[in-house]
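Structure first, then comments.
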Amino acid sequence: MAFNSCFLSTFAADFKRHTRMTSREIRRQFLDFFASKGHKIIPSAPMVAKGDPTLMFINSGMAPLKDFFLGNQTPPSKRVADTQKCLRVSGKHNDLEDVGMDGYHHTMFEMLGNWSFGDYFKKEALAWSWELLTEVYKIPKDRLYVSVFKGDEKENLPFDQDAHDIWKQFIAEDRILAFGKKENFWEMGEQGPCGPCSEIHVDLRSDAERARVDGKTLVNADDPNVIEVWNNVFMQFNRKADGSLEELPAKSVDTGMGFERLVRAVQQSDSNYDTDLWKPLFNFLEQFSQKSYQGTYPGVHENWNKTDVAMRVVADHLRAVSFAIADGEMPSNTGAGYVIRRILRRAVRYYFSVLDIKEPVLYRMTPILAEEFGDVFPELKAQIHFITEVILSEERAFLRTLESGLKRIEHLDIQNNTVDGEQAFELFDTFGFPFDLTQLIARERGWSVDEAGFQQALARQKDRSRKDAVRQVGDWMVLRDEADVAFVGYDQLELENAYVTKYRTVAAKGATQYQLVLNRTPFYPEGGGQVGDTGWMYFGNEPIRVLDTKKENTLVIHVVEKLPEAIDLDSVVCTVDASKRRLTESNHSATHLLHAALRQVLGAHVQQKGSYLDAQTLRFDFQHFQKMSEEELARVEQLVNEKIRQNVALEEARNIPLDAAKAAGATMLFGEKYGETVRMITFDPTYSIELCGGCHVPYTGKIGFFKITAETAVAAGVRRIEAVTGLGAEQYVSTLEREVGAIKNALKAKDPVKAVSDLQESNRKLAKEMEQLNLLMAAQIREGLRTQFQELNGVHFLATTVALSDANALKTLVTELEREKGNAVLVVGSVSGDKPSLTIKISDELVKAKGLNAGTMVRELAQEFLKGGGGGQPGFANAGGSDASGLPAALEAVKRYL
RNA sequence: GGGGGAUUAGCUCAGCUGGUAGAGCGCUUGCAUGGCAUGCAAGAGGUCAUCGGUUCGAAUCCGUUAUCCUCCA
C-alpha cells in the first residue's frame, strides 16, 4: 500500500474532459454496440445461483452461461451479450472485508460481457473491444495497455501470436505486454474448456505521475489507478481429466468487463465510487447522518476519514442485499441467506458505530436504488415494498441484537482491564455481537481485548464446522459419453431400456452415497419445490432401490442404495414409486390452484416465495404483509375446492417460447432463470397459468379435497400456508373428528367448547376455595401453637409437628408466628405421604446475635434423623427425608443448638 | 450440516453454589384533583416451553423434543 496519494486529487483536473456520459448511457451503449454486431441481448440471470452445487452466487458474467460452453445446452444465439449482476463474498473471490477500504472493491457489481459460441474468434473480439473503448467511450489511446499470453513450456503452450498480431494493428507494439499462466490463461475449473486471454488495462493516473513512472511497469502490479477493465478469453482447449489439453473443434469467446470500473474510466473519476452510480446514495447518507462524504481512502490519504469508508460500505452493501432479496434470497441463518444477512449486518455495524446512526436507515434508501436501476433490472422496482419491508425487519432485529450485546458487556467480569478472548468470542458467537464493536467499547473504557485469544476460539469453531462438512466427491466414471438426459417422467412412470451413462460415489460422514445418471429416466428430480421421485431400478435380476433423485445443472442424478453389479447393462428397467408420485402430483396441482386463489382473494401482490411438496403435505410461501383472516382463509379454501369439483383438465404446453407464455399471461417469478422455451401449466385459462417443470394431475378432480391446516409467518412480509389434499385431507379431517368426538364423549356435552370453559371456571373456583381453606386451617393451627412456646436460654422456642403438608402454608405459618413473637426459634415438622419434612425459622436478631444458622441446623438434623438433607438461608430453611419415624427425635435434638 | 445460547406474569427482564417466585411497565378497582398530566392505596395475573432423569426437595443440575436467537461451513 505504498502508493502516493496527492496525485489522485489533481488527476481529474488534468485528464482531458469529454462530454460526460452517465452510467445509464454507458451501459446502454455497450448493449447497443454489440446488438449492432449481431448479438442477442439477454437479460441478467438471477444473482443467486440455482442448481449449481459448486456456486452459491453468480460471480462472473459467464457463470450462468456455463452450460453453453460445456455443450450441455444450446445457446439462444451464437452471439450473446448482457450485463450480469454478480456477487463476490465467499469462496475464492472474497471481497467482503475489502469493500469500503479502497475505491474498487464491491460485493455486488455488474459485469458486461459479449460471447461467441463457436462463432467469431480473436480477430473480431479484440477489434470490437478496441472500437468500443476508444471510439464510443472515447478513452484516450495513450492510456491503454493490452496484454497477451506469453506461453507456457510445461503445458507446451505457445506465445499467443495471433492476439499479438491483431493488437499490432491498433496499438503501439511496446504497449502490448506478455504475461504468463497466472494472468493470461483462464480455466473454468479442473476440467473443461479453457484458453489464453487478453486483457485491456487503463492508466488513470495524472499526467505528472504518468510522466514520472512508465505506465507499462504498473500493469498487473496492484496499482489502484492502473487497472484491468476488460478481459477477452479465447476458449480453444479442453482440459481433460488426466490434465492434458486438446484443441476444441468449435472455438468460443468469453469476455467480461466490470461495469463500475468502466464507468470510472469513462467518467474520469478518482475511483469507482466517485461516479453517478453512487452519488444519490451518498447524498442521502450525508443528509441523514449530517456528515459529509470526502472520498478519502486509508493507505492513500494521510488524513483519511472513517466516515468515507462507512458510507461506501453502507452504499455498496445496500445494493448487494437489495438485489439478492429481489432475486429471491431472503436473509436467513444458513447457506446463501446467511451470507446476505452478514452483508446487511456489516452495513449496520458501520452506520451504527461510525456514522452514529442508531436507527434503521438502509430501508429508506431502497427507493433510490429502484429509481436508478428501474430500467435495467425491473425486479427491484417491481418488488420495492417487499424488499424495503424485509430490510427494515432485518435492521431492527440486528439493532436489537446489538442492544442486548451492549447490555451484556456491562456484566462482563473484567480482570486486569482485559476482555479475554473467550469472553469476546462468546459475545460474538453466541450473541452475535461483532468483535470490532467489542474492541471499540473496550477502548472507550480503557480496557484491552485479547484478540489472539478471540482468533484462536474462532479458528477452533471453523475447524469444527469444516470437519463436519468434509465430503469426498468421487470422479464421474463415464460409461457412455452422452450429454443429453431425457426426462420422460411426465408421460410414463416406467421405462424398460435405459442405460447408465455415468456414476460416482460420494462419501460424507462415514456414509457412502451412490449416484447414477441414465440416458433416459422417468424419475423426477427434486425441483420447483417438488421432492425427487423414489422407486426401483432393475439391472437384470438385481433390484436397486432409488432413494432420491436430484438435479445438478442439467444432470438428473439418481441416488441409489448400492451400485449394481451389471452396471453397463443397456436394458435397465426403471419403476417410479407410483402411489407416492400420484399423491405428490395432487399436492403440486393443488398448489397452483391455491396460488391463483390467493391472488384472487388477496390481490396480485401475492408472489410465490417458495414451496415444498411431497406425498404427505404441501407448503406454499408467498408475499403478503398481514396475517390472513379466518374469512380470507375460508374463501381461499372454498375457491380451491370449487376448482377441484369443476374437474378442470390440465393443459400442458411443453415447449413454448417464453414470449408466448408471457403473452398468455403466465405467472412469472422473480429470481427464476427461464430458458428460451418454457413449460406452461394451465388449469382453466381464466384461472391459473404458471410456468412450471413439475408433475401434475390430468384433471383437478383427482385432487379430491383440499384442506388448509396452518397459516403462519416465516419472514418479514412472507406468509406460509400448509395444506393437505386427497387422502391426507381425509385423514386430517377424520382425526379431528375423532378428537372432538372423544372430548364430547368425555364431557357428555353437546357443546364441548362451552363445557370446557365451564370446567375451567369451576376449577378455578375450587382452587380458590382450597386456598382459603388452607389459610383458615393454618390460622387455626397458629392459634393452637401460640401457647406452646417455651423459654429456652432467653429465646422463644417452639418445636412441634403439625398436620400441614403444603410447603407454602408451612412457610407462612412460621413466618407469621415469628413476627408475632420475635426473638424466636421455630421448628415445625410435618409428614406428607410417608415423607417427613422439617422447617426452621429463626429471628434475624438471633441469627446475628447468637450466630445461629437454620440452614446448617436443618441439614444436620435431616441427615442424622430423617435420612435426608436440607438447606436454606440462615433465617429460614427446610429439609426433607425418607424416614418419618425420626421426626420426634429430630425435634428434641434441636435444643442442643441453643 | 455442526457448535453456542435462550424459553420465568400481558410486555421487558431479575432470580447466587438446588430449599418452594420477584421488579419495572401495563391491567383492574378505590381514593385525591373541576378535567388532564399525575399521585396514593389495594388487587388480579405464573404447570418457571416440553417430556423424562438425579434428589428428601428442581425455575436452578443432567438428558429429550419444540420454537427462537447467534456463530461457523
Side-chain angles (χ1 to χ4, degrees), chain A residues 53 56 89-91 94 331-339 341-342 345 393-394 396-405 407-408 410-411 413 422-435 438 454-455 457-471 508-511 712-715 760 763-764 767-768 771 804-815 829-841 853-859 861-884 886-887 890:
Chain A
M56 221 180 242
V89 280
S90 53
N94 189 347
S332 77
N333 57 2
T334 62
Y338 181 56
V339 175
R341 175 168 283 173
R342 255 172 44 196
R345 291 188 168 188
S393 91
E394 276 294 309
R396 281 199 182 131
F398 188 53
L399 287 169
R400 248 200 322 272
T401 301
L402 289 183
E403 208 175 301
S404 67
K407 227 190 264 176
R408 204 157 280 276
E410 300 303 323
H411 296 116
D413 179 23
E422 286 294 333
Q423 284 177 323
F425 183 71
E426 194 196 14
L427 278 172
F428 168 71
D429 180 51
T430 303
F431 302 103
F433 197 73
F435 182 65
T438 303
F454 174 85
Q455 294 299 348
L458 183 65
R460 268 201 301 278
Q461 142 121 310
K462 286 191 178 181
D463 210 48
R464 233 190 349 251
S465 290
R466 206 170 293 126
K467 224 181 241 159
D468 176 73
V470 175
R471 247 167 66 102
K509 275 189 262 178
T712 50
V714 276
Q760 280 177 326
N763 192 35
R764 268 163 58 134
K768 276 260 162 63
E771 207 181 312
L804 273 177
S805 57
D806 181 44
N808 229 344
L810 276 171
K811 189 182 177 185
T812 19
L813 177 71
V814 295
T815 309
S830 84
V831 181
S832 161
D834 56 350
K835 286 187 175 168
S837 83
L838 198 62
T839 304
I840 301 185
K841 173 80 193 172
N853 187 323
T856 47
M857 280 163 70
V858 90
R859 184 176 309 118
L861 290 170
Q863 274 165 4
E864 203 169 329
F865 301 102
L866 306 177
K867 291 187 185 158
Q873 293 91 42
F876 175 83
N878 58 21
S882 49
D883 183 10
L887 210 45

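Lettering follows sequence order; numbering is per chain, from 1.
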Residues passing the ring pair (Phe, Tyr, Trp, His ring centres under 6.0 Å) test with A/Phe435, sequence neighbours excluded, are A/Phe454
A/Pro331: side-chain contact (heavy atoms from CB on, under 4.5 Å) partners, not counting sequence neighbours | A/Ile325, A/Ile340, A/Arg341, A/Val390, A/Glu394
Please write out the pairs of protein N or O atoms and N or O atoms of nucleotides 19-26 of chain B separated by less than 3.5 Å, giving the distance to one decimal.
| residue | atom | partner | partner atom | Å |
| --- | --- | --- | --- | --- |
| B/G19 | O2' | A/Gly871 | O | 3.4 |
| B/G19 | N9 | A/Gly871 | O | 3.4 |
| B/G19 | N7 | A/Gly871 | N | 3.0 |
| B/G19 | O6 | A/Gly870 | N | 2.7 |
| B/G19 | O6 | A/Gly870 | O | 2.9 |
| B/G19 | O6 | A/Gly871 | N | 3.3 |
| B/G19 | N1 | A/Gly869 | O | 3.4 |
| B/G19 | N3 | A/Asn878 | OD1 | 3.2 |

Excluding sequence neighbours, so at least two apart, what forms side-chain hydrogen bond (donor to acceptor under 3.5 Å, both in side chains) with A/Arg400?
-> none
Taking side-chain hydrogen bond (donor to acceptor under 3.5 Å, both in side chains) as the test, write out the residues that go with A/Glu403, two or more places apart.
-> none
Mind checking side-chain contact (heavy atoms from CB on, under 4.5 Å) for A/Glu422 and listing every partner two or more places apart, or none if nothing turns up?
-> A/Asp420, A/Ala457, A/Arg460
Please name all residues satisfying side-chain hydrogen bond (donor to acceptor under 3.5 Å, both in side chains) with A/Asp463, sequence neighbours left out, ordered by chain then number.
-> none
Taken in chain and number order and not counting sequence neighbours, the residues that satisfy side-chain hydrogen bond (donor to acceptor under 3.5 Å, both in side chains) with A/Gln461 are A/Asp429, A/Arg464
So does A/Tyr338 get a side-chain nitrogen or oxygen closer than 4.0 Å to the phosphate oxygens (OP1/OP2) of B/C71?
-> yes
Mark up nucleotides 8-13 of chain B, 5' to 3', with B wherever a protein heavy atom is under 4.0 angstrom from a base atom, S wherever such an atom reaches only the sugar-phosphate, and - elsewhere.
-> ------
Could you list the protein-to-nucleotides 3-7 of chain B atom pairs, N/O on both sides, closer than 3.5 Å?
| residue | atom | partner | partner atom | Å |
| --- | --- | --- | --- | --- |
| B/G3 | O2' | A/Arg464 | NH2 | 2.8 |
| B/G3 | N2 | A/Asp429 | O | 3.4 |
| B/G3 | N2 | A/Asp429 | OD1 | 2.6 |
| B/G3 | N2 | A/Asp429 | OD2 | 2.8 |
| B/G4 | O2' | A/Thr430 | OG1 | 2.5 |
| B/G4 | N2 | A/Thr430 | O | 3.0 |

Contacts of A/Phe398 that satisfy ring pair (Phe, Tyr, Trp, His ring centres under 6.0 Å) - sequence neighbours left out = none
For RNA chain B, the expected dot-bracket line (Watson-Crick or G-U under 3.5 Å, [ ] crossing, | inter-strand) is (((((((..((((.....[..)))).((((((.....)))))).....(.(((..]....))).)))))))).
